[in-house]
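Report on the structure given below.
In this text, all values refer to a predicted model and were calculated from it rather than measured experimentally.
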Number of protein chains: 4
Amino acid sequence: MNQAAPRRQRANGVESRRRILDAAVQITGERGYEGTSIAAVSAVCGLPASSIYWHFKDKDDLIAAVIERSFETWLAAVELPGDETAAPLERITELARNVAKSLLEAPDFLRLGLMLVLERRPEEPRGRVEFLRVREIAHERVAAMIELLVPGLDPESVRMLTSYAVAGADGLFVHREIAGDGVDLVQLFELHARLVYEAAVRISEGASR
Amino acid sequence: MNQAAPRRQRANGVESRRRILDAAVQITGERGYEGTSIAAVSAVCGLPASSIYWHFKDKDDLIAAVIERSFETWLAAVELPGDETAAPLERITELARNVAKSLLEAPDFLRLGLMLVLERRPEEPRGRVEFLRVREIAHERVAAMIELLVPGLDPESVRMLTSYAVAGADGLFVHREIAGDGVDLVQLFELHARLVYEAAVRISEGASR
Amino acid sequence: MNQAAPRRQRANGVESRRRILDAAVQITGERGYEGTSIAAVSAVCGLPASSIYWHFKDKDDLIAAVIERSFETWLAAVELPGDETAAPLERITELARNVAKSLLEAPDFLRLGLMLVLERRPEEPRGRVEFLRVREIAHERVAAMIELLVPGLDPESVRMLTSYAVAGADGLFVHREIAGDGVDLVQLFELHARLVYEAAVRISEGASR
Amino acid sequence: MNQAAPRRQRANGVESRRRILDAAVQITGERGYEGTSIAAVSAVCGLPASSIYWHFKDKDDLIAAVIERSFETWLAAVELPGDETAAPLERITELARNVAKSLLEAPDFLRLGLMLVLERRPEEPRGRVEFLRVREIAHERVAAMIELLVPGLDPESVRMLTSYAVAGADGLFVHREIAGDGVDLVQLFELHARLVYEAAVRISEGASR
DNA sequence: AATGAATGAGGATTCATTCAT
DNA sequence: AATGAATGAATCCTCATTCAT
């Protein structure tokens, strides 16, 4: 049965697009890729399903856009570590703290991305591709940070430490999703940063001797 | 109105149930909760959809059973670390290696479980509940291991280190799902075990001084 | 999923048949012909669906048996009017009172029968045929009673009055089904009996003059 | 995955809704609530099942709409008794005749409503609620008519006579459904009207004395 | 006398998508 | 820029029924 809400304002493409994406973030966060139906997005945003297709080519396109926008929101929330003269451990811990906080504020991109990444469907959704793309960006930044703060590491070690660092971040995020608000995510990220840093230093020192 | 067709094979409940679960593991691993259709499971296992409903109350029930059986398979694959006289770091590394190997062999339970756990649907699927239950078992085992090998830790530290250890395992698993066979999961788990162990020792020593 | 109850006693055909009919009366009374599923009957009586088919040829057969048994229960509840020397109006009122009371006690036969009779499905269910059969019996009894108590009526008038009498009973039963326990069915049946009797007398007198 | 077919006719909501209701009246009249399948309605009206769900929320909603529209059709068919100067018995007989004729022409509302009313399903269908609502309207009209034509009746007697009058109408309708075209429904309604009227007069006179 | 297991057909409903307006 | 109406395919699940044991 038709349940469209009454028109609230005259046509405004940008605003409508935003409302659709807002609704889609909510639904995808709740139900994942397959669980997200255009009808559900329509019900939440108040626009008819056909209007969603005016703004987005298809469901895949919509979800890729959700990931993209959500990643940008998240990136904006990760403030860059300020003081370039501080000690390496300080700087790396500061970054970890920022990431932890950003994940508390804008976690949609990561939650949805991880869901997409855990699936193995034959035809890869564009949202998954998009997630892997933006994740690569994050990966490179971490690698650059490690190389900067712990010089002298061989590329293979940098790669391993970066993977370990990012994987740990993912795991801690998942842990908080499971265990809820009681988890002190900032503290865990600080621990993580310290362990990664010390491992890097040890490898670096072992190699230079 | 509806007429039943002639029987084709002798009824065998246990065997049929197994075939259904085998098919369901495969599909859920590929497509997650919503993406798993009874029709697809039926196509893979060769039994009609209505027969699936003889063995399982509904889709939810089927997926919970998948998680349960998959966890048991996984548990059996994690061999307990043998030599009780070995050094703690040796023993903990051995466990990590076993976990890494088991996740390479029987990862369905964890992949599906993580998917379910990342969703936030209002009505919690039974599969999610089941995953949280078995995950709690794993959690307790890790905690016991830490307390055994690094005595003198306060409960709060044990809790934090256990969370960190399990979260790291999750993250590394996800990393391998993303990056594929090129990842040396065993090596990463060894690194993870060492870092957790050293952190535990440091906390323990700091506290005892 | 299989949900059969544990065996409660050794095989006993009569008892099982009774349990099935008891369950079927309940379900058909609630949901009508189409709404009654073998699975629902099975769930209520605790016997597996296949056992129901051991006792009854098919669903149609089961429902016809429900009607038949329910009608017999009802017939037994209608006590015959006792005093043969009483005045006609007394006797007819007494009968009406008995019918009213029996409909308060054992109304399944009529409720289910009316449901079947209001449908117009192409293939007539055996239950409907059965209901029409037993209803015809009731019709004949009423006709005999009218002819006995108000002699001299032409057959056409007897037929009309009988139809009117039975139709009124049906309508009053429906009225009570709708309006609930607050309805004084006995009082309404007394009124009905008196009006039918007086109409009969008037017709008879008019004809004899 | 699913691709839509080309449009075949210009969209016209009102007309489609009418076609669906026309089909639904026919099917519900034949098979009752449970027996009415959306697929059958779709086959009769020519619109695909999914289109029915554009116009009606679910099957319950459709059947409630059927009752509502059918009642309106019936109400329109019951012409109001014309001559306000005629004798009360004349006027009441005229009304009864009109009701009888209307039930011969547009009986769907009553047949379907009675089916719904005889069921006792735990979750009450909206169609049932709708039927009770419109039936209440009919009830009030009859009560008003009785009060107008036989003044001086106490409210309790009006209530009882109204119930008896409406119940008789239901019963006579059922009788014709069973016995078929051979029944002279108009004659039976005339008899019914006369008996109710005379009973009312007698009660009124008895009370005033 | 009974039942565990199975089966094809069909149940209501939702799906992603299209298109004329 | 937007939407009412429509649509075929697919969704989960229940149906009446059968049959080997």
Atom CD of B:Glu15 and atom C1' of E:dG4 are separated, to the nearest Å, by 16 Å
Residue closer to the 5' end of DNA chain E, B:Pro48 versus D:Glu34 (nearest nucleotide) | B:Pro48
Cationic N near anionic O, under 4.0 Å, B:Asp22 to B:Arg19 | no
Donor-acceptor pair under 3.5 Å: do we get one between C:Trp54's side chain and the base of E:dA2?
-> yes
Nearest whole angstrom, please: distance from the C1' of E:dT14 to the CZ of D:Phe56.
-> 18 Å
May I ask you to verify if any side-chain N or O of D:His55 is less than 4.0 angstrom from the OP1 or OP2 atom of F:dG4?
-> no
Nearest-nucleotide pick for A:Lys59, side chain only, options being F:dA16, E:dT17, F:dT7 | E:dT17
Where A:Glu130 and A:Ile67 come nearest, the two heavy atoms and their spacing = CG-CG2, 3.8 Å
Could you state the atom-to-atom distance from CG of D:Asn12 to P of F:dA6 in whole Å?
-> 7 Å
For DNA chain E, produce a single dot-bracket line, 5' to 3'. Pairs: Watson-Crick or G-U wobble, both distances under 3.5 Å. Symbols: ( ) within strand, [ ] crossing, | other strand, . unpaired.
-> .||||||||||||||||||||
Once you round it to whole Å, what is the distance between P of E:dC15 and CD1 of A:Ile38?
-> 10 Å
Just by modelled atom types, is the C:Tyr33 backbone N or O under 3.5 Å from a matching donor or acceptor in the C:Thr28 side chain?
-> no
For DNA chain F, whose closest nucleotide is more 5', that of B:Asp60 or that of D:Gly46?
-> D:Gly46
Once you round it to whole Å, what is the distance between P of F:dC15 and CG of C:Leu62?
-> 14 Å
Nucleotide nearest B:Asp58 when distance is taken to its side chain, options F:dC13, F:dA16, E:dA16 = F:dC13
When D:Ser50 and B:Ser51 are each assigned the nearest nucleotide of DNA chain E, the 5'-most assignment goes to B:Ser51
Under 4.0 Å between any heavy atoms, over every strand shown, what does A:Thr36 touch: base, sugar-phosphate, or nothing? Just pick one.
-> sugar-phosphate
Answer yes when D:Asp58 and D:Arg126 have at least one side-chain N-carboxylate O distance shorter than 4.0 Å, and no when they do not.
-> yes
Between P of E:dT14 and CZ of A:Arg31, the distance in whole Å = 12 Å
Once you round it to whole Å, what is the distance between C1' of E:dG10 and OH of B:Tyr53?
-> 14 Å
Salt bridge between C:Glu119 and C:Arg128, side-chain N to carboxylate O under 4.0 Å?
-> no
Nearest nucleotide by nearest heavy atom, which residue falls closer to the 5' end of DNA chain F, D:Val14 or B:Ala39?
-> D:Val14
C:Arg17 CZ to E:dA2 C1': how many Å, rounded?
-> 16 Å
Describe the nucleic acid contact of B:Ser37 in one word from base, sugar-phosphate, nothing, applying a heavy-atom distance below 4.0 Å.
-> sugar-phosphate
Distance-minimising heavy-atom pair for D:Ser42 and D:Leu47 | OG-O, 2.7 Å
Would you check if C:Arg31 and D:Pro122 make a side-chain contact, meaning some heavy-atom pair closer than 4.5 Å?
-> yes
Is D:Glu72 salt-bridged to D:Arg69, cutoff N-O under 4.0 Å?
-> no
